[in-house]
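Below, each value reflects all heavy atoms present in this structure, side chains not excepted, and no hydrogens, waters or symmetry copies. In what follows, chains are A, B, ... by sequence order, proteins preceding strands, each numbered from 1. All values reported here derive from a predicted model rather than from experimental measurement.
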Number of protein chains: 2
Amino acid sequence: MLRVFIEACKVTANRLFMATIKDVAQEAGVSVATVSRHINKKGILRPETAKRVEEAAAKLAYNPNLLARNLRKNESRVILIISPNVTNPYYALIITGIGDTFNALGYSAVLFNTNEDPEREAEALKMLSRRRADGAILMANCCGNVNLGKYIHEFPIVQCSEYDPALDLPHVSIDNYSASAEVMAYLIKLGHQRIAMISSENNYISTQLRAEAYRNVLKEKQIESPEAFFVKASRDYSFKSGKNRAKELLNLDPRPTAIFCISDTLAMGAIIAAHEMGLRVPEDLSVVGFDDVEHTTMLHPFITTVAQPCYDLGKASANLLYQKLNHTDDTPKEVILEHKLIIRESTGTLLNVGLPHQDQMVRVVN
Amino acid sequence: MLRVFIEACKVTANRLFMATIKDVAQEAGVSVATVSRHINKKGILRPETAKRVEEAAAKLAYNPNLLARNLRKNESRVILIISPNVTNPYYALIITGIGDTFNALGYSAVLFNTNEDPEREAEALKMLSRRRADGAILMANCCGNVNLGKYIHEFPIVQCSEYDPALDLPHVSIDNYSASAEVMAYLIKLGHQRIAMISSENNYISTQLRAEAYRNVLKEKQIESPEAFFVKASRDYSFKSGKNRAKELLNLDPRPTAIFCISDTLAMGAIIAAHEMGLRVPEDLSVVGFDDVEHTTMLHPFITTVAQPCYDLGKASANLLYQKLNHTDDTPKEVILEHKLIIRESTGTLLNVGLPHQDQMVRVVN
DNA sequence: CTGTTAGCGCGTTCAA
DNA sequence: TTGAACGCGCTAACAG
């Protein structure tokens with residue numbers, strides 16, 4: 001027995017020898033089938049046999065070779081997370097939610113950054129055919145990616161946060177239209193009539209729906225709004241482009257009294273732009289953001305925004321994918337999570353002159 | 001031939017049939033070995049044979065099963081990225097660097113968030129013994145993790161950014177000591193004598209080295225510094241704790257004229273604290289940050305900071321691990337990348353009263 | 001240049 | 001309750 005242990009520690013190549021199921025079987029004096037059964041808790045062994053197997057496994061520091069198990073069972077127990085950019089904290093939170101959920105389920109998550117490059121996306125998806133992964137979660141697929149079509153009917157794929165309505169894929173997100181409509185209703189209730197939107201050049205479904213609600217609510221309330229009040233910031237919602245677009249907006253005559261930004265970073269830019277132009281927020285201008293993941297409570301005024309349950313978005317897509325993986329065929333086509341309009345300091349009633357004036361351009365947090 | 005194709009599209013279970021190397025061989029009328037050779041470009045086939053193989057593979061939409069290949073070659077072509085928190089943009093950038101590099105090398109990267117939980121870390125490392133991964137990059141290991149010892153001599157592991165000097169593992173980082181010393185020299189050259197440091201409660205090697213340099217430079221320059229000038233912010237360098245610590249510092253009598261923060265978020269907090277207390281930056285107080293990944297150029301004053309090459313840090317650790325994977329035994333034990341002190345607006349000469357006073361508490365970016 | 005064959009380590013029949 | 005034998009799909013000897 002000792003000899004076996006010593007052998008087990010012998011270096012092969014430049015790496016230590018790793019015990020296989022065969023070694024364990026030999027050490028325990030049983031067959032590999034018995035070891036396998038015990039490890040996978042299939043069938044019951046005689047207590048004595050079980051003990052012998054366990055001791056042998058412990059002695060040899062046995063770990064099942066997943067490569068072999070996966071080949072045998074024809075599954076990789078790996079899922080793909082395909083995201084445009086981990087650096088974005090919004091995606092980072094979703095990814096954490098996905099990872100935590102799948103790890104608890106015994107899966108590993110492979111991360112692919114596409115950088116919005118369709119070729120990178122195609123490369124990632126190819127891992128499905130190569131059996132490197134059992135399924136994938138797509139965060140913001142390159143719309144019109146011709147490659148995607150080949151995979152969607154063949155592999156379990158779920159879209160998270162953004163999705164292509166033309167694709168027949170299940171997705172999880174918030175109700176962007178309602179959220180946007182809520183913001184508009186709120187601003188109008190505050191007395192605002194000249195409401196601008198800083199949207200984005202990207203073509204995400206969230207962007208489209210938020211814009212749609214913006215226009216529709218205005219129409220419903222019979223508020224005429226100049227086309228110049230609808231502007232588009234950079235694809236990635238950069239702080240700088242938010243500031244620049246806001247400045248253009250505020251130079252208009254008449255200028256908007258409220259700006260609805262489709263991201264917090266944009267909203268931060270808008271607030272800074274306003275300050276720079278001598279306008280007070282919210283006294284002279286109301287600003288609303290979206291997401292509630294960045295900068296919202298760093299400087300005063302704290303930003304009014306729509307909070308998205310990012311972590312749960314990731315969790316929900318993970319669970320949805322897990323269902324598909326297990327051929328639970330009644331998986332929903334769509335999972336909508338609750339958003340929440342969080343009213344903070346960057347919005348107020350129009351011409352709210354009664355309140356004391358803040359001398360500090362940007363107030364600071366206590 | 002057509003029959004084969006139709007067969008290939010037949011659904012098995014609820015998923016499409018996927019061609020194996022055997023199917024391709026059959027379709028092309030050659031042996032599996034020939035197909036394998038062609039795919040792996042080992043040995044040369046007769047042009048005609050090669051063509052037949054290629055056509056067969058194309059017709060059957062063949063993709064090699066990595067599970068099988070990996071089992072055969074006893075490698076997973078997967079590496080682990082073990083990080084405390086992807087949400088931190090500093091780590092996110094490093095992760096992107098690692099991922100890009102390894103993807104180009106034909107590897108996939110599995111991401112494990114440990115949340116600084118030793119158990120999660122241990123679980124991640126276990127994937128090495130289970131042959132789910134060939135190696136790992138550790139971003140900030142839970143110091144004193146007893147489990148780690150079992151793996152470091154058995155598997156290729158590299159530490160990135162943070163490292164445990166007691167562990168015999170290669171690592172890549174910047175020269176934190178020199179960087180910190182440079183900042184101190186710079187501040188002293190500016191005329192500052194009362195220099196405080198906002199460090200962190202965490203026990204990272206970077207934190208230790210930066211503190212060490214802070215103290216040593218002070219000693220070398222024979223500058224007496226009260227112990228109260230050295231304070232510790234939260235483990236995660238939160239904005240809020242930076243602001244609170246700075247306030248305490250600025251309430252001291254005499255107060256520091258410069259604060260060296262070991263992260264940009266902390267520096268941002270310090271600047272806001274100063275403004276709140278009616279102090280101008282840099283006229284009344286100089287502030288230095290570290291990392292150059294967040295908030296440094298969002299609001300004026302733009303923050304003077306030490307830039308770390310995060311993406312390259314990731315890239316370098318990936319290359320280092322790749323070398324270890326290939327048994328290149330002359331791999332360096334340590335890779336130090338260049339940092340850079342970036343002087344912006346938050347630092348200035350002491351008592352710089354000649355310059356015009358900024359009325360705005362926080363100036364804004366053009 | 002090509003084919004035959006033997007495993008990689010495991011899970012799973014089918015018998016006993 | 002246990003064991004023998006097979007095969008997942010692939011690569012690498014070896015033989016021709």
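Applying the 4.0 Å criterion to OP1 and OP2 of D:dA12, one finds that B:Lys42 has a side-chain N or O inside that range. The phosphate of D:dT2 (OP1 or OP2) has a side-chain N or O of A:Thr49 nearer than 4.0 angstrom.
The two residues B:Thr87 and A:Ala92 have their closest heavy-atom pair at CA-CB, 3.9 Å. Of all the heavy atoms in B:Val86 and A:Thr96, the pair that sits closest is CG2-OG1, 4.0 Å.
A salt bridge is absent between B:Glu154 and B:Lys150: the closest approach of a Lys/Arg side-chain nitrogen to an acidic carboxylate oxygen does not fall below 4.0 angstrom.
Rounded to whole angstrom, the span from the CG atom of B:Asn40 across to the P atom of D:dA12 amounts to 7 Å. Atom pair A:Asn74:CG and D:dC10:C1' shows a separation of 13 Å (rounding to whole Å applied). For the pair B:Ile39 CD1 and D:dA12 P, the computed distance is 12 Å after rounding to whole Å. Between the P atom of D:dG7 and the CG atom of B:Asn65 lies a distance of 18 Å, rounded to the nearest Å. Here the C1' atom of nucleotide D:dC8 and the CZ atom of B:Arg69 are 16 Å apart, to the nearest Å.
Here A:Ser36 lies in heavy-atom contact (under 4.0 Å) with a base. Across all strands shown, A:Leu45 has heavy atoms under 4.0 Å from sugar-phosphate atoms exclusively, and none from any base. Contacts of A:Ile44 with the nucleic acid, taken as non-hydrogen atoms under 4.0 Å apart, involve only primed sugar atoms and P, OP1 or OP2.
Tested against A:Thr34, the residues A:Ile39, A:Ile21, A:Thr49 include a single side chain to side chain contact (heavy atoms under 4.5 Å, CB included) partner, A:Thr49.
In the 5' to 3' direction, nucleotides of DNA chain C lying under 4.0 Å from heavy atoms of chain B begin and end at C:dC1 to C:dG9.
Judged by distance alone, with hydrogens and angles left aside, the side-chain atoms of B:Asp23 form a donor-acceptor pair with the main-chain N or O of B:Thr20 at under 3.5 Å.
Relative orientation of the A:Phe102 and A:Tyr322 rings is perpendicular, given thresholds of 30° and 60° on the angle between their planes.
In terms of position on DNA chain C, the residue among B:Arg37 and A:Ile21 whose nearest nucleotide sits closer to the 5' end is B:Arg37. Projected onto DNA chain C by closest heavy-atom contact, B:Gly29 and B:Leu71 fall at different nucleotides, the more 5' of which corresponds to B:Gly29.
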